[in-house]
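These notes concern the structure reproduced below.
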Amino acid sequence: MGCLLLLAFLALGMAAAWRLLPGACVQVRLWLGAAGGMMAMMWLPSLFAFFLDFTAQAQYMALAAGAVLWGLCMLPWRRLWTACARLAHGAWGAGPAAWGQMRSEGAPDPGQAGRWADLSRSAGRALAPAEEAAPGPPLALTLGLVLPFLALAAYLQYTHTLREIDGALYVGQSTYGDLCLHLGIATGLRGASYPPEYTLLPGVLLGYPFLFDALSASMLVLGCPLALSFTLPGTIAMGLVFWGFVLLAWEMTQDALAVALAYLLAFLNGGLGFAYMLDGWPTDSTMLREIFTGYYQTPTNMPDLNLRWVNVICDMMIPQRTLLGGWMALLPALYMLCRGIKTRAWGWFAALGVWVGAMPMVHTHSFLALGLISLGLFAWEMACCRRGAKHPAGAPLSRVLGQYLLYGGLALALALPQLLTWTFPQSLSSGQLGWRFNWVNTRDDGSFIDGYFWFWIKNVGPVYLLMLPAALNAPPKLKGLCLGALLVYAAAELYQFQPNVYDNNKLFYVAFLLMLPLVGRLLSALWRAVRRIRGRWLLALPLLAVCLLSGSLSLCREALSQYQLFSREEAQAAAYIDENAPEDALFLTGGQHNNPVSSLAGRSLVCGTPTYLYFHGVDYSRQQADVARMYEDPLGNLDLFQQYGVDYIYISSYERASYDLDQQTLTSLFPLWYQDGFVTILEVAGQPEGQLQDQVQDQD
């Protein structure tokens, strides 16, 4: 049922797009429809969860609401608009004519009605822009680029998300750290009341963008296995990102070679790290083997060498599911923005405002980056306009300004409640935001680790040097996008937007992706300019090798990686908890990031891992200290068990190693609830009524 729910939303989205975009190419309609279906499945169940909690009923109501929205899309809106325009012409057209007759004491102006009719037709075209056919890329180009990467994405999603081997659960290198956070959010949302709280720290509102994990939670609620609820939507979302980048690049360039080059530079991205790793290979053969066997020794991710520009597939799209959902939403927004500035149709800006307004709790960084891009584009278009003069695209200043006001007004109206409820309270309370120059290339004393430009060249590669020429040679209508990309780059270079400064790369990559189609356009033009030069392949192939080798090696390493995340005993304990413990049960556990109670069973903890809480800007110091007190001196801190409402105590090899554990006292105070191998669970809530209170009084 969980898989059917996902397929139903995808089908509804594609059917709606097919009706609303009759003039767009088939690829665009299917892509925008699938992305819209995913967005609806992220949002609608959560809206109903405010009234029904995150239950199966909320999922079915969300599907019914999606069907209603699809039905509204099927209405003949263009005919309705035409009828309204005719009524408006009938109501208003006589007025000016009568005034003219009164002034001239003659017959009404026969041209007045025609002008009103022309105005009605123009407005109708503006509200139905899709009837202007927009050619899409060749199907062979799309399939040739997307399908190989989609196959790789499906394989990595499968091997990197709870792959079971002899009862233990395995992941890949990049998902070993991040996956548990997303697992815990998804499993913790089942049956949760809204707005949801952190299962890692009960009582604290979940300010982290959680809607893509909520999509997996919807599948879980209807019985889908945990691994499949992550791998299936993850694979679909990656396919939509690959497909969307092809369509965006085509919209910006209309050049197959430019699209292919931009695509490879985007998803095989990497800098000059391969040169560092292969520097001593002729004399030390282990260096090459280290690329494929070492833990985080890939050419795109070596902090010791200040190589931080990671491959977007390995270290961004696969492990960081929130970013994946954000890019799945970002690319349609950029496409609609490009169509809007090309056609100057009001419909694109209205749709864009609604779409962007839904993005903050999908991925806040993508929402911020898109806002900066839109601001740069708006500034460029305003600069190109003169009062009373025509815009370069053929629209007057008043129309351009009105379209941006429509887009911005809708986006802010929908986004502000999300930002005020979730994002701002958590971000501003962290106290770790502020000015910081040059991203991760700055030491604590303000000095550079590498020279400014050398840092970017060795991390991004030769592509970094092509950004400025590509912007200068961009078509006039797209230069505003270049200014927007520059604003994103500058903001990420100057300000730290979250406690982990490394996460500013989520802004850098948006500017990078937006500029790559123009870089591809520049390289395509250069290739055609030297087509009469013999041996031009000898120049092109080394350049491509330098740009793509680090990313390709990183992908090979990622495909080979395999690490145990949960042992057989931990997985079995989590399954027992999931079947037998109440959904609102509170567990006392250690602070390990791979916590089976939270990640696999979705139960709340007294205090989860600081690995996540610290970088989310959440204050957990008191709860963390109380966890240690309860484990190390349970008899002297019985009041804490009562104060927090602890239901179960989880003891594994991690808790025994991390605390001066007084297990003998714990087992004397609380009865055994579960035991298998090195995992022991004690039941606090299962004691006779009043026994814990009596023990507290005796201790006093």
Side-chain angles (χ1 to χ4, degrees), residues 167-169 180 183-184 187-188 190-192 197-203 220 226 565-609 623-624 626-696 698-699:
L169 300 177
C180 290
L183 290 172
T187 56
R190 295 173 300 176
E197 298 178 350
Y198 276 96
T199 57
L200 298 178
L201 202 68
L220 282 173
L226 180 57
L565 187 63
F566 298 105
S567 66
R568 180 188 62 81
E569 292 81 3
E570 290 171 322
Q572 289 178 347
Y576 185 86
I577 293 170
D578 203 24
E579 293 176 3
N580 296 281
E583 288 187 350
D584 60 350
L586 182 69
F587 279 74
L588 175 67
T589 75
Q592 64 269 42
H593 88 281
N594 53 338
N595 191 309
V597 177
S598 171
S599 300
L600 301 181
R603 298 316 193 263
S604 296
L605 313 180
V606 175
C607 184
T609 174
Q623 293 91 331
Q624 185 183 40
D626 288 342
V627 167
R629 293 189 184 98
M630 285 186 276
Y631 271 124
E632 296 176 353
D633 184 15
L635 189 59
N637 293 279
L638 287 174
D639 58 322
L640 290 178
F641 289 91
Q642 194 173 35
Q643 175 184 327
Y644 282 100
V646 175
D647 296 304
Y648 299 92
I649 303 170
Y650 181 87
I651 302 173
S652 68
S653 56
Y654 180 88
E655 284 75 17
R656 295 184 182 98
S658 301
Y659 305 100
D660 185 12
L661 186 67
D662 190 353
Q663 187 168 348
Q664 183 177 358
T665 301
L666 284 170
T667 54
S668 68
L669 290 172
F670 307 108
L672 180 68
W673 186 67
Y674 173 88
Q675 186 168 25
D676 181 22
F678 61 83
V679 177
T680 299
I681 303 177
L682 305 176
E683 185 176 16
V684 179
Q687 296 183 101
E689 183 69 26
Q691 179 175 326
L692 185 59
Q693 290 86 343
D694 294 341
Q695 291 172 332
V696 172
D698 293 343
Q699 187 263 335

Exercise for the section: Find out whether L201 and V606 are in side-chain contact, i.e. whether some heavy atom of one side chain is under 4.5 Å from a heavy atom of the other. Expected result: no
Practice task
Please name all residues satisfying ring pair (Phe, Tyr, Trp, His ring centres under 6.0 Å) with Y198, sequence neighbours left out, ordered by chain then number.
Solution key: H616
Problem - Minimum heavy-atom distance L682-T667, with the two atoms named - result: CD1-N, 4.0 Å
Problem - Y576: partners by ring pair (Phe, Tyr, Trp, His ring centres under 6.0 Å), with sequence neighbours left out - result: W673, Y674
Completion exercise
Contacts of F587 meeting ring pair (Phe, Tyr, Trp, His ring centres under 6.0 Å) (sequence neighbours excluded), chain-then-number -> Y648
Problem - Residues, nucleotides or ligands: over 12 heavy atoms within 6.0 Å of Q643 CD - result: yes
Handout entry: Between CZ on residue R656 and CD on residue Q663, distance to nearest 0.5 Å
Key = 4.5 Å
Practice task
For residues T187 and L600, report the shortest heavy-atom separation together with the two atoms involved.
Solution key: CG2-O, 3.9 Å
Handout entry: Side-chain (E632) to main-chain (D660) donor-acceptor, under 3.5 angstrom
Key = yes
Practice task
Determine yes or no for a side-chain-to-main-chain donor-acceptor pair under 3.5 angstrom, with N637 supplying the side chain and L640 the backbone.
Solution key: no
Exercise for the section: Without swapping roles, check the side chain of E197 against the backbone of P202 for a donor-acceptor pair under 3.5 Å. Expected result: no
Handout entry: Minimum heavy-atom distance S598-T199, with the two atoms named
Key = OG-OG1, 3.8 Å
Fill in the blank from the handout: For S599 and L226, the nearest pair of non-hydrogen atoms, with its separation, is O-CD2, 4.3 Å
Completion exercise
Separation between CZ (F678) and OG (S652), nearest 0.5 Å, reads 6.0 Å
Problem - Y631 versus D662, side-chain donor and acceptor atoms under 3.5 Å - result: no
Exercise for the section: Would you mind reporting whether Q675 and I651 have side-chain heavy atoms less than 4.5 Å apart? Expected result: no
Completion exercise
From the list I577, D647, T589, side chain to side chain contact (heavy atoms under 4.5 Å, CB included) with R603 holds only for I577
Problem - Lys/Arg-Asp/Glu bridge criterion (N-O < 4.0 Å) met for R629, D639 - result: no
Exercise for the section: Answer whether the closest heavy-atom distance between the side chains of V684 and I649 falls below 4.5 Å. Expected result: yes
Handout entry: Rounded distance (nearest 0.5 Å) linking atom CG of D676 with atom CD1 of I681
Key = 10.0 Å
Problem - Closest heavy-atom pair and its distance - F566, C180 - result: CZ-SG, 3.9 Å
Handout entry: E655 vs Q592 side-chain heavy atoms within contact, under 4.5 Å
Key = yes
Problem - Atom pair CD/CG of Q623 and L200 - distance to nearest 0.5 Å - result: 11.5 Å
Handout entry: Whether N594 side chain and L565 backbone form a donor-acceptor pair below 3.5 Å
Key = yes
Exercise for the section: In sequence, state the C-alpha distance, the side-chain angles, and the governing distance for Y650 and V679, and then conclude on side-chain contact (heavy atoms from CB on, under 4.5 Å). Expected result: CA-CA 7 Å; Y650 181 87; V679 177; 3.6 Å; yes
Handout entry: Side chain proximity check, R568 to L169, heavy atoms < 4.5 angstrom
Key = no
Practice task
Would you check if M630 and V646 make a side-chain contact, meaning some heavy-atom pair closer than 4.5 Å?
Solution key: yes
Completion exercise
In terms of heavy-atom contacts, G608 and L605 come closest through CA-CD1, 4.0 Å
